[in-house]
Amino acid sequence: MNFEELNNQQLKAVTFPLDKALLVVAGAGTGKTKTLTSRITYLIKEKNIAPSNILAVTFTNKAAKEMWERIKDMLGGNILEGFKPIGNTFHSLGVQILREQYKNLSVNKYFKILDNEDKKSLIKQAMKFHDIDTKQWEPRKISSVISRAKGDTYTVDSFKENKNPITGISKLVWKKYEELKLKEQAFDFDDLLLETYFLLKNNNDILDFYRKRWKFILVDEYQDTNTIQYKIIRLLVGDNKNIFAVGDGDQNIYSWRGADMRNILNFEKDFKDAETIILEKNYRSTKNILSAAQDIISKNTERIEKKLITDNSTGDKIIYFEGFSANQEASWVAGQTQKYIDSGVEPKDIAVLFRTNFQSRLLEESFLQRMIPYQVVGVKFFSRKEIKDVMSYLHASLNGKSLSDIKRIINEPKRGIGKVSVIKIFAGQVDALPKKTKNSYNSFLELLESISNYSKNHLPSEIIKYIIEKTGFKKILSSGNSDDLERLENMQELVTYASKYDIYENPLDQFLEEVALLSDQDSLGSNKKYSNTVKLMTIHASKGLEFKYVFVVGLEQGLFPSERDNSKNKHEGEEERRLCYVAFTRAKEVLHVSYAKMRTIYGQQHINEPSEFLCDLSDELLEYDESSYGGGVGISLENETYIDDEGEEQTSYLNF
């Protein structure tokens, strides 16, 4: 193989002795995948290791496929012909082991793997068996409790209740849920890991079989492993010291789904005589971008010390923009993007990153106004389920014949009106409904009438807020998990959007018309994976990607870093900082950072302080955009003129 393409540290890692455990701490843009695939190629081509004796584990099918294709290209010829692809996700590894050992599990070899909807259905059946009200106890929450417990290697018998009553309810449902799965010969996604773990842990002969098969184990993104993934790897490695792990603690941003930072920090303690090699040479970004990223991450204490270096040019300074409002910030991003595209930059080379999904709405509006092709990685604002639910309540209250809207919301939130009942209702057979269902349906009609009456003499923002509260969405989601809270934030952003129309002569008509047009225009940004569009996405979704031009928006204290996360403890505060580090290191050539002095959230204007992350940046790295108010952090804004949302010049007398 061609070692000339590797730098000294990469080469040292690739050719590391086979009888010792190695952790490769690979900073952002330092050639992690290249090092990992080169190591596998080295084992096969230089050390004559059979591909069947190599196990490489990663987190996504995309990463596993890319790994396999790179290895084939590097080896060339037909060396791998007849071998199974090297590279599994943790879940595909579980499926492989469970199918091979099905007789030891008393299940059908072709057991069913439940998807989320299948799982939800069985959870509901288990709740029904115990007469647990699905309106009082959200099935999704119970499912989440069970899933997190399995990820921590608990079984229904070992799981302990705590003071939170949902744990007791979940344990009761869990037991019946397991019975229903067994009856259907089915596993859910969590079982694929949990059953594999206990199979290996409790059967020495089976464990020994796999240890002899996989003599060399490589793990990608080691910092993202959770408890059960870590334990499976520990079992398979045993005392063989045959693990080659690659990861970067500075990019650990998934603790909310179980990723345990301690796994990478304790590597040398977990594996006897293990060594660590640090990759610090970055091939992606300019010196200025790396300096900005270092300013952010250096304040964390829970990390393996490293500092990225590069042979790339110094590059442009970090472009800094202070917007008077969130609207102005979004307009600036779109304007800058338009300038880049007009100068010949491909839209696909530009990305806009934000902390939470609701921030995409204003950005989408600005991009639509300028006819800039964009793609939201995820679901567009007006296509999100929770937004469509709220809008369907409004449409159905105004037009009782809109059956599609009624069908969408008649049991959302849950009110005990099933599919059969809906068919009867639509067939005009309301009197044939059971008494309880009929009462629920009548309550639903009363709710629609209430919304209809309210909308006759209230403004759009007030109507949307009324729907969120009157339907019960606010109460249900506000007490839910992080996903529920994000859905509520998106609904609250709809209130903010609707408030724009409060000043119109026919505000509700104007609101409904523009929402419909925006929904139609959403197709402007193609959703094809590799389309030539600007990418709008959360920072979490951007991990592993890179772009020439990157905008990181909404850098406001309380938004990013998130007040909800940052206020709890040191660990979550440091994760917010790691998230900022990930955002900055997505940029190859030009990084933009911005914040809005005023942002409207849930219809209320908030005066914002710049994020502590902005304050951490060295001033010599920054270039203040000439259209930015004040030209620096904390500058007074007094008697300044600005263009409002309707394009009129206004004067601000606020002092920040």
Side-chain angles (χ1 to χ4, degrees), residues 7 9-10 12-14 16 20-40 54-60 62-64 66-67 70 86-90 93 151 216-234 236-237 241-271 274-284 293 297 300-308 539-540 542-546 571 574-575 577-579 581-583 585-586:
N7 64 39
Q9 289 301 92
Q10 290 173 335
K12 184 179 177 181
V14 168
F16 191 78
K20 297 184 71 174
L22 178 67
L23 172 65
V24 180
V25 178
T30 58
K32 169 182 69 70
T33 304
K34 181 178 183 178
T35 303
L36 184 65
T37 53
S38 294
R39 172 66 170 186
I40 295 172
I54 300 171
L55 172 65
V57 190
T58 187
F59 278 83
T60 66
K62 177 179 177 292
E66 180 184 356
M67 185 189 301
R70 283 205 192 190
I86 295 173
N88 295 271
T89 64
F90 277 97
L93 173 64
F216 301 92
I217 296 175
L218 302 96
V219 184
D220 189 19
E221 303 287 11
Y222 193 72
Q223 80 281 350
D224 289 336
T225 53
N226 64 14
T227 299
I228 197 164
Q229 291 160 344
Y230 163 79
K231 287 186 175 182
I232 288 173
I233 292 299
R234 287 295 306 273
L236 290 173
V237 172
K241 304 179 184 178
N242 60 341
I243 183 171
F244 183 98
V246 183
D248 181 13
D250 288 340
Q251 297 186 71
N252 174 274
I253 58 174
Y254 294 115
S255 66
W256 49 274
R257 68 184 189 193
D260 193 337
M261 182 76 163
R262 292 172 298 182
N263 295 345
I264 194 168
L265 294 177
N266 294 335
F267 186 88
E268 292 188 356
K269 295 179 182 178
D270 291 336
F271 300 100
E275 293 188 22
T276 298
I277 292 175
I278 299 177
L279 304 185
E280 296 179 296
K281 187 170 183 179
N282 178 283
Y283 294 92
R284 176 187 299 157
I297 202 63
N300 275 4
T301 59
E302 297 177 334
R303 64 188 296 259
I304 298 171
E305 185 63 35
K306 68 176 184 302
K307 184 175 182 179
L308 298 181
I539 300 166
H540 282 99
S542 74
K543 188 169 177 286
L545 304 177
E546 59 182 43
H571 301 290
E574 292 208 353
E575 180 152 337
R577 195 167 281 276
R578 292 195 294 271
L579 195 59
Y581 173 81
V582 167
T585 54
R586 299 312 93 197

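Only a predicted model underlies this, so the values are computations on that prediction, with no experimental measurement involved.
- Residues Tyr581 and Arg577 bring no donor and acceptor atom of their side chains to less than 3.5 Å of each other.
- Under the ring-ring contact (aromatic ring centres under 6.0 Å, His included) rule, Tyr222 has a single partner from Phe271, Phe244, Phe267, which is Phe267.
- Not one N or O on the side chain of Arg284 forms a donor-acceptor pair closer than 3.5 Å with the backbone of Ala28.
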Q: Tell me, with the steps shown, if Asn252 and Ile264 meet side chain to side chain contact (heavy atoms under 4.5 Å, CB included).
A: CA-CA 10 Å; Asn252 174 274; Ile264 194 168; over 6 Å; no

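- Minimum interatomic distance between Ala26 and Gln251 (heavy atoms only, all atoms of both residues): O-NE2, 4.2 Å.
- The line from CG of Asp224 to CD1 of Ile253 is 7.5 Å long, rounded to the nearest 0.5 Å.
- Glu305 has a carboxylate O that lies under 4.0 Å from a charged side-chain N of Arg303, or vice versa, which qualifies the two as a salt bridge.
- Residue Glu275 forms a salt bridge (charged side-chain N to carboxylate O under 4.0 Å, His left out) with just one option from Lys12, Lys241, Lys20, and that option is Lys20.
- Residue-environment remark: CZ (Arg262) stays at or below the threshold of 12 foreign heavy atoms within 6.0 Å.
- Atom CD1 of Ile40 sits about 11.5 Å away from atom OG1 of Thr35, to the nearest 0.5 Å.
- At least one side-chain heavy atom of Arg586 sits under 4.5 Å from a side-chain heavy atom of Val582.
- Here the straight-line distance linking atom CG of Leu218 with atom CG of Leu36 works out to 5.5 Å at 0.5 Å rounding.
- In this structure, Glu574 contributes its side chain and Thr301 its backbone to a donor-acceptor pair below 3.5 Å.
- If you run side chain to side chain contact (heavy atoms under 4.5 Å, CB included) between Phe90 and each of Ile228, Asn226, Val219, Ile232, only Val219 comes through.
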(Q) Before you tell me yes or no, could you show the steps for Asn7 and Tyr283 under side-chain hydrogen bond (donor to acceptor under 3.5 Å, both in side chains), namely the whole-Å CA-CA distance, both residues' side-chain angles and the distance that decides it to 0.1 Å? (A) CA-CA 11 Å; Asn7 64 39; Tyr283 294 92; 2.8 Å; yes

(Q) The test is side chain to side chain contact (heavy atoms under 4.5 Å, CB included); show your working for Thr225 and Ile233 and say whether it passes. (A) CA-CA 10 Å; Thr225 53; Ile233 292 299; 5.7 Å; no

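- To the nearest 0.5 Å, atoms CD1 (Ile304) and CD (Gln223) are separated by 10.0 Å.
- Two residues are said to be in side-chain contact when any heavy atoms from C-beta on lie closer than 4.5 Å; Phe16 and Val24 fail this criterion.
- Here the shortest heavy-atom pairing between Thr37 and Arg70 reads CG2-CB, 4.0 Å.
- The structure places CG of Asn282 at 5.5 Å from CG of Leu308, a figure rounded to the nearest 0.5 Å.
- The OG1 atom of Thr58 sits 3.5 Å away from atom CG of Asp220, with the distance rounded to the nearest 0.5 Å.
- One finds a salt bridge joining Glu575 and Arg578 here, because a Lys/Arg side-chain nitrogen approaches an Asp/Glu carboxylate oxygen to under 4.0 Å.
- For the pair Asp250 and Lys306, the minimum side-chain heavy-atom distance is below 4.5 Å.
- The existence of a salt bridge linking Asp248 and Lys32 is excluded, since no basic side-chain nitrogen approaches an acidic carboxylate oxygen closer than 4.0 Å.
- The aromatic rings of Tyr254 and His540 lie tilted to each other, with the angle between the two planes from 30° to 60°.
- Salt bridge annotation for Lys543-Glu221: present, with a cationic side-chain nitrogen under 4.0 angstrom from a carboxylate oxygen.
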